[in-house]
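Heads up: the structure comes next, in structure tokens.
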Amino acid sequence: MGQNRCVSVGLVGLGRLGRQHADNLAFRIPNCRLTAVCSIKAEEVEEAQAQLGVPYGYTDYEEMLRNKELDAIFIASPSSYHCDQIEKALAAGFHVFSEKPLGLYMEEALRVQEAVHRHPNQVFMLGFMRRYDRSYVYAKRKIEAGAIGEPVLIRCYGIDPAQAMPGFLQFAKSNYSGGLFLDMAIHDLDLARWYLGAEAQRVWAIGGSHRHTELAQLQDAETGAALVQFAGNKMGMFVAGRNCAHGYHIETEIIGTLGTLRIGTVPEKNQVAIMDGRGVVRECANGFLERFEQAYLDEGIEFVRAILEGRQPEVKVEDGVLSTALGYACKESFETGQLVEVTT
Ligand code: NAI
């Protein structure tokens, strides 16, 4: 790490989200240097190196892991690579940040959990960035202060904008995404565990593809719903989708014994109301990069800070394993039509 206490990071994946992380790591995160970038697409590597002033570029991940100047690896590659890349980076002695989901299958998620436990002195963090979003953090603090009594039910909507469908289809066709529940609902499943302070026990999930029927050919759903029973008789209702006409709709409600909190009930872009021939219009956030820009930055800041302070961040590998178990149970229920017990 050197005496100047600066963390040297190698980033893998320069796609929709990786490029945002690259900008943050290069310019916005204190005590951090983006030293290397890696993608299987050479043109992405060259472009990022030129635009962000990154000294090393790779099209081979394992070659990047041999760079002795690096302290940490930041993984934003497609989900099917996460587990393998995490294990290799840990084995090579690096601190590791990985995008969600931890894994697409329970076996690999459990294998990674063991690998993380074998390297307790290396920081591991999973990209559940909503836990760093200012509104979600504020809601958590309110709950901890007793503002709504005991949280007993959570209702979540996570629906991608319809206009992002071409990009999503490209993403889903080039690499297995895990399907609607593991790819999209996973953030809400993690938030439910966080806010309710309870683990999921059983789930019933349904779904369908009505506008883009090719999603059904990918064994996926365009819109899905899951009803989850948590320990202590707590409840979760989840709607996930990819076809939101008005934009990126991320909404969360937490009902407690003494009150209710709602986050993003109307998913406004900002505070501006446009009054014109259409009436009074509040525009909607357009996608994850816009809605969670601050959260992506703050999770990166936390990762680097945890390395410098020699501690583990709040989002742990166990959160990845347990949310994957729940996401997988949702997927299994959707595919079989059965009520599914959640097991790890
Ligand atoms: P993408 O498909 O746009 O980009 C993937 C990138 O990885 C591309 O640069 C591609 O060339 C590179 N790549 C593919 N295979 C590789 C390999 N074997 N080695 C090195 N590089 C490789 O994907 P996107 O949307 O950026 O998603 C990346 C990850 O981030 C996914 O796991 C996804 O689930 C997650 N994600 C998380 C979000 C969040 O809100 N936390 C939002 C969007 C994505």
Side-chain angles (χ1 to χ4, degrees), residues 10-24 36-49 52 54 57-65 73-89 96-104 108-109 112 125-133 136 158-161 164-191 220 240 242 248 250 285-300 302-303 315 319-320 323-324 327:
L11 167 73
V12 59
L14 289 165
R16 295 182 306 173
L17 184 55
R19 196 45 220 263
Q20 177 76 20
H21 284 313
D23 282 6
N24 288 341
V37 285
C38 171
S39 165
I40 44 167
K41 293 184 188 151
E43 65 278 14
E44 288 180 349
V45 174
E46 284 158 21
E47 194 207 14
Q49 281 192 270
L52 309 175
V54 182
Y58 301 91
T59 51
D60 182 307
Y61 177 69
E62 294 185 31
E63 205 183 313
M64 180 166 81
L65 295 185
I73 298 295
F74 212 94
I75 299 172
S77 54
S79 308
S80 50
Y81 296 100
H82 293 178
C83 286
D84 185 55
Q85 291 182 341
I86 294 168
E87 284 183 270
K88 285 181 173 148
V96 180
F97 176 99
S98 172
E99 258 312 324
K100 54 57 63 175
L102 178 64
L104 295 174
E108 59 175 14
V112 167
M125 181 170 174
L126 193 64
F128 281 138
M129 81 299 179
R130 290 214 209 152
R131 295 199 193 195
Y132 296 87
D133 172 78
Y136 283 101
I159 315 176
D160 262 346
M165 185 59 88
F168 169 72
L169 284 173
Q170 204 183 359
F171 168 78
K173 284 178 183 166
S174 53
N175 283 286
Y176 174 55
S177 76
L180 186 65
F181 295 104
L182 272 168
D183 181 47
M184 185 76 200
I186 196 92
H187 290 290
D188 286 322
L189 303 177
D190 175 63
L191 284 181
D220 204 353
R242 311 236 185 239
Y248 184 52
I250 301 296
N286 241 334
F288 54 84
L289 294 175
E290 180 182 353
R291 170 64 183 84
F292 291 111
E293 185 185 358
Q294 167 264 318
Y296 294 126
L297 175 59
D298 280 4
E299 68 177 357
E302 168 61 2
F303 176 60
V315 187
D319 296 305
S323 57
T324 296

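Not measured: the values here are computed from a predicted model. Both ligands and their constituent atoms are indexed starting at 1 by order of listing.
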Check your understanding: Side-chain contact, heavy-atom cut-off 4.5 Å: E302 with D298?
Key -> no
Check your understanding: With atoms numbered from 1 as shown, which atoms in ligand 1 lie under 4.0 angstrom from a non-hydrogen atom of H187?
Key -> 39 (C), 40 (O), 41 (N)
Practice item. Tell me which protein heavy atom sits closest to atom 30 (O) of ligand 1, plus the residue, atom name and distance to 0.1 Å. Key: E99 CG, 3.4 Å
Review point. Do D160 and Y248 touch side chain to side chain, with heavy atoms closer than 4.5 Å?
Key: yes
Point to revise | Which residue and heavy atom of the protein sit nearest atom 9 (O) of ligand 1, plus the separation | key: E44 OE1, 2.5 Å
Practice item. Please tell me if the side chains of Y81 and I75 come closer than 4.5 Å, counting only heavy atoms from C-beta onward. Key: no
**Study point:** Polar atom proximity, F288 to ligand 1 (N or O, under 3.5 Å)
**Key:** no
Revision key, fill the gap. The closest protein heavy-atom partner of atom 14 (C) of ligand 1 is P78 CD, 3.3 Å
Exercise for review: Among all protein heavy atoms, pick out the one at the shortest distance from atom 35 (C) of ligand 1; state its residue, atom name and that distance to 0.1 Å.
Suggested key: K100 O, 3.6 Å
Point to revise | Exceeds 12 heavy-atom contacts within 6.0 angstrom, atom CD of Q170 | key: no
Point to revise | More than 12 heavy atoms from other groups under 6.0 Å of CD on E108 | key: yes
Point to revise | Validation row: Q49, V54 side chains within 4.5 angstrom (heavy atoms) | key: yes
**Study point:** Lys/Arg cation over aromatic F168: R242, 6.0 Å, 45° cone
**Key:** yes
Practice item. Identify which of K41, R16, Q85, M64 has a heavy atom lying nearest to atom 25 (O) of ligand 1. Key: R16
Check your understanding: At a non-hydrogen distance cut-off of under 4.0 Å, which region of Y296 contacts ligand 1 (side chain, backbone, both, or neither)?
Key -> side chain
Exercise for review: Identify, by atom number and element, the atoms of ligand 1 in contact range of G13, meaning under 4.0 Å from any of its heavy atoms.
Suggested key: 6 (C), 7 (O), 9 (O)
Check your understanding: Can you find a pair of side-chain heavy atoms, one from F128 and one from S323, that are under 4.5 Å apart?
Key -> yes
Point to revise | Distance-only N or O hit between ligand 1 and S39, under 3.5 Å | key: yes
Review point. Is any side-chain heavy atom of H21 closer than 4.5 Å to a side-chain heavy atom of E299?
Key: yes
Practice item. Give the numbers and elements of all ligand 1 atoms closer than 4.0 Å to a heavy atom of D183. Key: 34 (O)
Review point. For atom 20 (C) of ligand 1, what's the nearest protein heavy atom and its distance?
Key: V12 CG2, 3.4 Å
Point to revise | Heavy atom of the protein closest to atom 2 (O) of ligand 1 (residue, atom name, distance) | key: F171 CD1, 3.6 Å
Check your understanding: What is the nearest protein non-hydrogen atom to atom 22 (C) of ligand 1, stated with its residue, atom name and distance?
Key -> I40 CG1, 3.7 Å
Practice item. Could you check which of S77, S79, A48 puts a non-hydrogen atom nearest to atom 29 (C) of ligand 1? Key: S77
Point to revise | Per-atom contacts of ligand 1 with H82, taking only distances under 4.0 Å to non-hydrogen atoms | key: 32 (O)
Study note, to complete from the structure: Under 4.0 Å between heavy atoms, the region of F292 that gets near ligand 1 turns out to be neither
Review point. Considering only heavy atoms from C-beta outward, does the side chain of F171 approach that of D183 to under 4.5 Å?
Key: yes
Point to revise | Which residue and heavy atom of the protein sit nearest atom 28 (C) of ligand 1, plus the separation | key: A76 O, 3.4 Å
Review point. Does Q85 reach the side chain of I73, with side-chain heavy atoms less than 4.5 Å apart?
Key: no
Exercise for review: State whether the shortest distance between N or O atoms of L17 and N or O atoms of ligand 1 falls below 3.5 angstrom.
Suggested key: yes
Exercise for review: State the atoms of ligand 1, each with its element, that fall below the 4.0 Å cut-off from a heavy-atom position in G127.
Suggested key: 41 (N)
Study note, to complete from the structure: d(R19 CZ, L289 CG) to nearest 0.5 Å is 12.0 Å
